[in-house]
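The sequence lines fix the lettering, A, B, ..., with proteins before strands; numbering per chain opens at 1.
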Amino acid sequence: MTMSKNNSSDNHRDDQSHVRRGKLQALQQSGYQYPNHFKPNHYANELHQRHEKDTSETLDSHRHSVQLAGRMMTRRLMGKASFFNCQDATGTIQVYVRSNDIGQDAYDEFKQHDIGDIVYIEGHLFRTKMGELSIYATQLTLVVKSLHPFPDKFHGLNDPELRYRQRYLDLIVNPVVKQVFVTRAAVMRFIRQFFDNRQYVEVDTPMMHPIPGGAVAKPFVTHHNALDMPLYLRVAPELYLKRLVVGGMERVYEINRCFRNEGLSTKHNPEFTTIEFYQAYANYHDLMDLTEVLLRELVLHIKGHMTIDFKGQQIGFSEPFKRLSVDEAILQYNPNLKQADLSDIVRLKAYAHSIGVDVTDVVSSDLVRMELFDKTVEKKLIQPTFIDTYPTIVSPLSKTTIDQPDCVDRFELFIGGMEIANAFSELNDPDDQAKRFQQQVNNRESGDEEAMYFDQTYITALEYGMPPTAGEGIGIDRLLMLLTDQASIRDVILFPQLRPNTQSD
RNA sequence: GGGCCGUUAGCUCAGCUGGUAGAGCACCGGACUUUUAAUCCGUUGGUCGUGCGUUCGAGCCGCACACGGCCUACCA
């Protein structure tokens, strides 16, 4: 850390950071050296839980001795005795400090401490007049001086920009934030267990791809100096995971980041976390069933019941998930459309135009239907809903439905108006896959920046023979949004992408 | 990328019709030995996001830019 920031505040005697630095200097002059020998052996929440039922008399007679360390958050100084709240990794516990008990010098020193300082406390438990479990301090030591003023003790930190840029402050003063990320860890752990229990092997495949593939998306490009070649941050692990299936790893999964060089929104961060999993000798119907079991068990495990509240709506997981084809969904949410209209591009386009959906450059009825689906159906699919029977043209890695070459064995799962999962029976006909890649290359040449590249090494792998396989990707961040009722993906990602700001950080 | 909104003290926010900025918390000083948004008394603290313009005069009006939020577009 440089001192530059402090220089500008030297002019102001009472600048809070300056005052705190002055206190630190005084401490250092009397020998303070950022000590690291304190060993707290209790946590705030553990104490609250263990002694929830203990009365004042019980606590006084047992005199439970405790050692605790944490951040001093609110202080109530009353002359020769004080209370403050000490916040550690688990929660907050109140501490009572009396000059009689810790000594006048130590008490004077305590009065110099500031909100945000990290302290070590020894003492014993007691209950206050108001009945609050607290620590009666017999010793109190400053461990780390905090050099910046803290956010308002009551209003906290509201400004989203500050919350994301200084997430550590957000975590300190907004308890729900920490809860979201603890839940995130629990979700990851549960999902791993779920697949481990089903004989899946967790693998790590490259994050840097010589040929970006596995999804229709714009990649980030970087350059490897020693190899002198471009590398692409992966948009999906799909093609590598399927190589592993070819190699005989018949059940694999990977939980990791994907990167897409596209717009940001409440549902999109440039890097996001997915689980992708592949299972040989399974088809997309098997994965629908598996997904339903996974989500039902996950919701139960995380929430303790089968319902979640998301943006004021109740979403239920106990009933079987709805299953609709793309066309059925379009008809259901567009009552003015008839079945016969769906294959008539002129009537489709006229209808799209009439409801303000721009399809002027769209050339096939399949694509118009997907556009209509995206614009009129997706955000209305609040309850868990599987959508299947996707057109082949938008699914270059999916197996076509037998005897129906225009559509593929694929589904997507929508919950809370968001796409949560995408799955299909994998295309394992290498010649068909080569044709689909070629189509993507043609799209790219006619200006589609998101179209896929031709990946001959993947075709070669398929030529060795991939067992019939079904694969699926689930967006972990969006799942977290649902489980923690957060409206923005930035609130389930610790450090969401922001533009750099010269003022803070 | 487009539209709308926001940016005022460390934090949370007021600021009227254009007339040199206020509150609460925090901070600093004082009182106070069971408080808990502690209380009481007295202070301190501002390049009003940045720049240009209009005006006798701009936190307020206009333009440009920066950052953020929401909606939209694309994806998961």
Side-chain angles (χ1 to χ4, degrees), chain A residues 8-9 11-20 22-23 56 73-85 92 94-101 107 114-116 126-132 134 136 147-166 169 173 214-218 235-236 257-276 356-358 371 374-375 378 394 412-414 418-422 448-450 472-479 481 487-490 496 498-505:
Chain A
S8 63
S9 51
N11 300 329
H12 307 293
R13 289 188 316 285
D14 296 321
D15 176 272
Q16 295 188 43
S17 301
H18 190 249
V19 169
R20 286 170 182 243
K23 292 175 178 176
S56 193
M73 290 312 289
T74 60
R75 313 202 302 153
R76 294 171 288 283
L77 271 53
M78 305 164 301
K80 294 185 166 54
S82 300
F83 286 95
F84 69 91
N85 290 330
T92 297
Q94 181 172 254
V95 179
Y96 182 53
V97 188
R98 271 186 7 146
S99 61
N100 307 33
D101 300 304
Y107 191 77
D114 292 294
I115 289 171
F126 78 112
R127 232 171 246 292
T128 64
K129 270 184 192 166
M130 301 304 289
E132 178 166 345
S134 307
Y136 199 115
L147 296 175
H148 289 289
F150 268 59
D152 188 287
K153 67 181 170 192
F154 190 62
H155 298 97
L157 193 65
N158 278 359
D159 181 347
E161 190 171 350
L162 286 178
R163 288 186 47 228
Y164 301 142
R165 288 191 198 280
Q166 295 183 281
L169 280 182
V173 302
V216 178
K218 252 187 275 181
V235 294
R257 230 65 68 79
C258 294
F259 307 86
R260 299 194 182 171
N261 204 342
E262 292 162 4
L264 287 71
S265 81
T266 46
K267 296 190 187 78
H268 301 85
N269 195 61
E271 54 181 297
F272 59 99
T273 302
T274 62
I275 173 166
E276 282 206 12
V357 174
D358 180 20
E371 191 68 17
D374 290 344
K375 293 293 169 6
E378 177 166 340
V394 299
E412 293 189 308
L413 172 64
F414 295 85
M418 295 186 289
E419 183 186 341
I420 297 298
N422 178 23
D448 182 358
E449 282 184 84
E450 296 183 348
E472 176 167 346
I474 300 178
I476 301 287
D477 308 288
R478 289 185 181 174
L479 200 52
M481 290 168 68
S488 170
I489 199 167
R490 293 182 204 97
L498 299 177
R499 285 190 158 85
N501 178 353
T502 47
Q503 287 192 341
S504 61
D505 283 326

S.K.: Can you tell which of B/C25, B/U35, B/C28 lies closest to the side chain of A/Asp152?
M.R.: B/C25
S.K.: Quick one: side chain to side chain contact (heavy atoms under 4.5 Å, CB included) partners of A/Ser99, sequence neighbours excluded?
M.R.: A/Lys80, A/Gln104, A/Tyr107
S.K.: Classify A/Glu132 by what it touches in the nucleic acid, base, sugar-phosphate, or nothing, heavy-atom distance under 4.0 Å.
M.R.: base
S.K.: Between B/G24 and B/G57, how far apart are the two P atoms, rounded to whole Å?
M.R.: 34 Å
S.K.: Pairs counted only when both distances fall under 3.5 Å, Watson-Crick or G-U: show me the 5' to 3' dot-bracket for RNA chain B, [ ] for pseudoknotted crossings and | for other-strand partners.
M.R.: (((((((..((((.....[..))))..((((.......))))......(((((..]....))))))))))))....
S.K.: Let me have a per-nucleotide readout for nucleotides 64-71 of chain B, 5' to 3', with B, S or -, counting only protein heavy atoms under 4.0 Å.
M.R.: ---SSSSS
S.K.: Any luck finding a side-chain donor-acceptor pair between A/Thr74 and A/Asn85 under 3.5 Å?
M.R.: yes
S.K.: Does A/Lys218 put a side-chain nitrogen or oxygen below 4.0 Å from OP1 or OP2 of B/A73?
M.R.: no
S.K.: Given the C1' atoms of B/A58 and B/G18, what is the spacing between them in whole Å?
M.R.: 6 Å
S.K.: Can you find a side chain N or O atom of A/Asn158 that sits less than 4.0 Å from OP1 or OP2 on B/C11?
M.R.: no
S.K.: Would you please confirm or rule out a distance under 4.0 Å between OP1 or OP2 of B/C25 and any side-chain N or O of A/Lys153?
M.R.: no
S.K.: Return the value, rounded to whole Å, for the distance between atom CE of A/Met78 and atom C1' of B/U34.
M.R.: 6 Å
S.K.: What's the CG-P distance between A/Leu77 and B/U33, to the nearest Å?
M.R.: 12 Å
S.K.: A/Met130 near the nucleic acid: base, sugar-phosphate alone, or nothing, with a heavy-atom cut-off under 4.0 Å?
M.R.: base
S.K.: Need one value for A/Gly79: base, sugar-phosphate or nothing, where a base atom within 4.0 Å counts as base even if backbone is also close, heavy atoms only.
M.R.: base
S.K.: Using the P atom as the reference point in each nucleotide, state the distance between B/U34 and B/G19 in Å, no decimals.
M.R.: 50 Å
S.K.: Is any side-chain N or O of A/Arg76 closer than 4.0 Å to OP1 or OP2 of B/A38?
M.R.: yes
S.K.: Mark yes or no for a side-chain to base donor-acceptor pair under 3.5 Å between A/Thr128 and B/U35, with no hydrogen or angle criteria applied.
M.R.: yes
S.K.: Nearest to the side chain of A/Asp114, which nucleotide is it out of B/C28, B/C75, B/U35?
M.R.: B/C28
